[in-house]
There are 2 protein chains.
Amino acid sequence: MKYNELDLYYQFINNAVQGVDTMKNELETSNIKEKFHQFGYKYTEQRRLILNVLLENPDLHLSSEDIYEYFKMKKIDISQSTVYRTLIVLEKMKIVRKVNLDDGFTRYELFSPDEDHAHHHLICTECGSITDIKNDLLEDLERQILDDYDFEIKDHCLKFFGLCKKCRNQK
Amino acid sequence: MKYNELDLYYQFINNAVQGVDTMKNELETSNIKEKFHQFGYKYTEQRRLILNVLLENPDLHLSSEDIYEYFKMKKIDISQSTVYRTLIVLEKMKIVRKVNLDDGFTRYELFSPDEDHAHHHLICTECGSITDIKNDLLEDLERQILDDYDFEIKDHCLKFFGLCKKCRNQK
DNA sequence: ACCTTATTTTTAATCATTTCAAATTTTTTG
DNA sequence: CAAAAAATTTGAAATGATTAAAAATAAGGT
């Protein structure tokens with residue numbers, strides 16, 4: 001297993017140290033259990049652990065592999081396929097959303113209920129840092145596309161590649 | 001080998017029938033050969049054939065697999081690895097550009113020298129059709145990101161998912 | 001507690017892509 | 001033009017992320 005050049009993994013380790021023991025975020029444990037049941041899923045210990053890592057690291061864009069490696073480091077036994085399948089379950093429950101950061105991994109981020117569309121990402125090609133952009137700013141463009149192409153937009157995906165503040169200053 | 005649900009392959013077959021015998025586009029044969037040499041590459045028959053398929057189908061977003069299957073159908077012997085490696089060569093020569101249409105394949109499109117940034121794509125989630133959007137319309141947003149985040153944008157990737165004209169009318 | 005059903009685990013399979021060694025072709029050079 | 005050097009192609013095997021399958025285990029309802 002190789003980590004990508006983005007060093008996301010180490011960023012992750014440093015941030016997620018207490019990732020499995022607390023439960024913050026607007027979702028509370030009882031609600032979560034109920035939410036699983038609403039979708040016809042069981043709220044298992046593995047799913048709780050995986051969801052917690054995600055909730056504890058809202059700024060990271062973790063891959064299945066990242067999460068699996070984290071548990072391995074923590075000596076918590078969860079199989080790879082469970083992580084994969086749980087992420088799919090969480091996606092169906094609209095708790096997480098897939099993000100493609102063009103690094104060969106399927107990554108996930110928490111789904112913010114206040115955004116109807118996916119938010120954008122700034123990807124630094126130098127250090128690999130990822131920054132979320134919350135404001136949409138695409139309404140005009142989307143209206144124009146409906147007018148010009150008769151295309152009804154349901155969702156979008158916008159990534160910017162370039163140099164982040166830090167890397168610009170180091171030049 | 002399975003084709004994706006987008007049916008790009010059949011679209012491709014229907015469009016590319018004379019894909020290997022003619023040479024149009026602004027690049028002429030002699031120029032192309034020279035361009036390969038400028039980059040230190042040899043202009044082989046296989047590379048000529050592959051490039052021609054791309055030039056003949058400027059509106060398709062072909063994968064390595066698509067091109068390989070096309071040759072197979074045409075009884076032209078070119079190995080899969082040659083197609084893969086040639087596409088990488090063509091990318092380095094800035095003749096094609098990678099496009100990720102989120103269907104699990106690495107696809108390529110002709111690089112238009114008149115566009116400094118990648119153009120956008122409309123992806124119909126119903127029929128899988130892909131439409132290129134040539135106008136950029138992102139300048140304002142990019143200026144704002146430079147101001148707000150101190151992020152220097154080099155390139156971008158914008159995809160819209162939704163319903164195309166045809167599929168909208170069929171509802 | 002028991003029974004049904006979903007979930008986890010482990011292992012093996014898949015699928016796109018890459019790599020490798022050997023064979024072939026292209027370009028260079030004598 | 002022929003031979004050597006270098007790049008390319010080939011076909012097969014390897015890789016790496018992801019998925020599937022069967023057996024073992026755990027949840028939730030009665």
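Chain A is the first sequence line, chain B the second, and so forth, proteins listed ahead of strands; every chain is numbered from 1.
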Q | salt_bridge(B/Asp148, B/Arg143) N-O dist < 4.0 Å | A | no
N-O pairing of A/Lys154 and A/Glu152 below 4.0 Å: yes
- prompt: Side chains of A/Glu139 and A/His117: donor-acceptor distance under 3.5 Å anywhere?
  reply: no
field: Distance-only side-chain donor-acceptor flag, B/His119 / B/Asn135, under 3.5 Å
entry: no
Against the side chain of A/Ser79, the closest entry in C/dT9, D/dT9, D/dA17 is C/dT9
Send over the distance from [X] [atom1] to [N] [atom2], rounded to a whole Å.
X	N	atom1	atom2	result
B/Leu49	D/dT10	CG	C1'	16 Å
B/Glu91	C/dT18	CD	P	10 Å
B/Gln80	C/dC15	CD	P	13 Å
B/Phe36	D/dT9	CZ	P	9 Å
A/Asp77	D/dA24	CG	C1'	15 Å
A/Tyr84	C/dC15	OH	P	16 Å
A/Ile88	C/dT7	CD1	P	13 Å
B/Asn100	C/dA16	CG	C1'	13 Å

Taking N or O atoms only and anything under 3.5 Å, show me the protein contacts with nucleotides 25-30 of chain D, one pair per line.
residue	atom	partner	partner atom	Å
D/dG28	OP1	A/His37	NE2	3.1

Can you confirm whether more than 12 heavy atoms, excluding those of A/Asn169, are under 6.0 Å from its CG atom?
yes
Item to complete: Could you check whether A/Thr106 gets within reach of a base, just the sugar-phosphate, or nothing at all, counting any heavy atom under 4.0 Å?
Response: sugar-phosphate
Item checked: Sugar-phosphate, base or nothing in reach of B/Arg85, heavy atoms under 4.0 Å -> base
Exactly one candidate in B/Ile78, B/Val83, B/Asn57 meets side-chain contact (heavy atoms from CB on, under 4.5 Å) with B/Ile67; the answer is B/Val83
* Would you call the rings of A/His156 and B/Phe160 parallel, tilted or perpendicular if under 30° counts as parallel and over 60° as perpendicular? -> perpendicular
5'-most contact on DNA chain C (nearest-nucleotide basis), B/Ser81 vs A/Gly40, goes to A/Gly40
Q.
With a 4.0 Å limit, can you tell me whether B/Thr82 has a side-chain N or O closer than that to the phosphate oxygens OP1/OP2 of D/dT10?
A. yes
